[in-house]
Protein chains: 2
Amino acid sequence: MPRRNDTRDRTLRTAVDLFRVHGYHGTGLNQVLAAGGLPKGSLYFHFPGGKEQLAAEAVTMAGAEFRTRITETFDRAATPADALADAMRVLADELTAADFAHGCPIGTVAIDADSDRVRAACADAFAQWHSVISAALHRSGLSNADTLATAVLSAVEGAQLLARNRRDTTPLYAVAETFAPLLKG
Amino acid sequence: MPRRNDTRDRTLRTAVDLFRVHGYHGTGLNQVLAAGGLPKGSLYFHFPGGKEQLAAEAVTMAGAEFRTRITETFDRAATPADALADAMRVLADELTAADFAHGCPIGTVAIDADSDRVRAACADAFAQWHSVISAALHRSGLSNADTLATAVLSAVEGAQLLARNRRDTTPLYAVAETFAPLLKG
DNA sequence: CCGCGACTATACAGACCGGTCTAGTAAAAA
DNA sequence: TTTTTACTAGACCGGTCTGTATAGTCGCGG
């Protein structure tokens, strides 16, 4: 087996970055190739399923990375309330550093991708995040951890949307503050 | 002043319906005209600013309509908790009836419109909603009504995103249930 | 050193995009 | 009736979109 380079992986990473900024329809394939300095001839070699496959895999990749980050945040914090506050602070810092250019890599794609394959990939990523959060809340002895985790996930996604649109991180901190009393382990 | 028909208004209404389904980049101008049976020659007569203006005005229109609905919901309910539960039930019913095809008319556009004019129109709509919610919470004697209203708005937007993506209204009800203890006037 | 498989360059198809233009119709105003 | 204004029909522009087809180049195993 010759070569095996990292083009495929770099394509995915570039795609993640662009999709979370411009959304599914707002991101062109040429744009992805240009932004990543990627070979133009190999896109349909690595992703025979075209844009749909590229987006689905990008979502899956970003979902797995964030899943790890969420897990670590809960492991590191003393209480779920602390974990949420930590996470919101990090998200706020990243959003500010990026000049409010990007959104959640899953949510941004989920909201305007018509393809069912992409939709399913987003749903899967969300489900994994929910599972991690729910388990952490359960470990902290909170009742109805499942419902609470769904609400937290909703609030965080919505806060990212609002914060980006308003160019102001207030919503992220508002969510952390509001949920704090509900998340005291 | 001759004629003055309703073409402009019908164009806007059709645009609202399509933008909330396919997003900004996912919706084509031809598509809007075709879906509404609208005259092709008059788009740039009524909207010389092109797609950008059309989207901005559509967002503003939808924002105003929802603002009224939110106001009425809070006026009708005994407590803010009841109002939220009511609103979530209505959103869930509408989403189910539409077979999970649409999202929030503002959020869906806000997340992928690059134009600053459209972004500002979305921010304005969100600000109006926030203002209505915050005032209602304040009237019910809740402290930190402003922060709480921001969190509620975030959660509702996020829940709509998740519900649509999962094709399942659970997130909407989870938000209502989770916020209930915080919204007992 | 040959061949095969992994990978890339390049050209291009066909559709659709947002947007512009000109010519024309219809109704109210003068 | 003539003029002015409101509005529409429909062709058309250049550009970009996703996706395909073909001809390569590169690097290792044999």
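Heavy atoms only: backbone and side chains are in, while hydrogens, waters and symmetry mates are out. Here is how names work: the chains are called A, B, and so on, in the same order as the sequence lines, proteins then strands, and each is numbered from 1.
- Regarding B:Asp114, its CG atom lies at a distance of 15 Å from the P atom of D:dT16, rounded to whole Å.
- Here the P atom of nucleotide D:dT5 and the NE2 atom of B:His46 are 17 Å apart, to the nearest Å.
- Among residues two or more places apart in sequence or in another chain, the side-chain contact (heavy atoms from CB on, under 4.5 Å) test is passed with B:His130 by B:Ser134, B:Asp146, B:Ala149, B:Thr150, B:Leu153.
- Here D:dG19 presents its C1' atom at 14 Å from CD of A:Gln53, a figure rounded to the nearest Å.
- To the nearest angstrom, P of D:dG24 lies 19 Å from CZ of A:Phe45.
- In terms of modelled atom types and a separation under 3.5 Å, the side chain of B:Arg164 and the main chain of A:Ile111 share a donor-acceptor contact.
- For C:dC7, neither phosphate oxygen OP1 nor OP2 lies less than 4.0 angstrom from any side-chain nitrogen or oxygen of A:Thr7.
- Residue pairs meeting the side-chain hydrogen bond (donor to acceptor under 3.5 Å, both in side chains) criterion with at least one member in residues 39-50 of chain B, sequence neighbours excluded, do not occur.
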Heteroatom pairs (N/O) under 3.5 angstrom, protein to nucleotides 16-20 of chain C:
from, atom 1, to, atom 2, distance (Å)
C:dC17, OP2, B:Asn30, ND2, 3.1
C:dG18, OP1, B:Thr27, O, 3.3
C:dG18, OP1, B:Leu29, N, 3.4
C:dG18, OP1, B:Lys51, NZ, 3.0
C:dG18, OP2, B:Leu29, N, 2.8
C:dG19, OP2, B:Tyr44, OH, 2.8
C:dG19, OP2, B:Lys51, N, 2.9
C:dG19, O5', B:Tyr44, OH, 3.1

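- Rounded to whole angstrom, the span from the CG atom of B:Leu43 across to the P atom of C:dC21 amounts to 16 Å.
- Among residue pairs with one or both ends in residues 147-166 of chain A, none qualify as ring pair (Phe, Tyr, Trp, His ring centres under 6.0 Å); sequence neighbours excluded.
- Neither OP1 nor OP2 of D:dA6 sits under 4.0 Å from any side-chain N or O of B:Ser42.
- For residues 146-165 of chain B, the set of pairs meeting the ring pair (Phe, Tyr, Trp, His ring centres under 6.0 Å) definition, not counting sequence neighbours, is empty.
- In this structure, B:Leu33 atom CG and D:dG10 atom P are separated by 13 Å, rounded to whole Å.
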Throw together a table of side-chain donor-acceptor distances under 3.5 angstrom for residues 83-96 of chain B, partners on residues two or more places apart or in other chains.
from, atom 1, to, atom 2, distance (Å)
B:Asp86, OD1, B:Arg89, NH2, 2.9
B:Glu94, OE2, B:Arg69, NH2, 2.7
B:Thr96, OG1, B:Ala92, O, 2.8

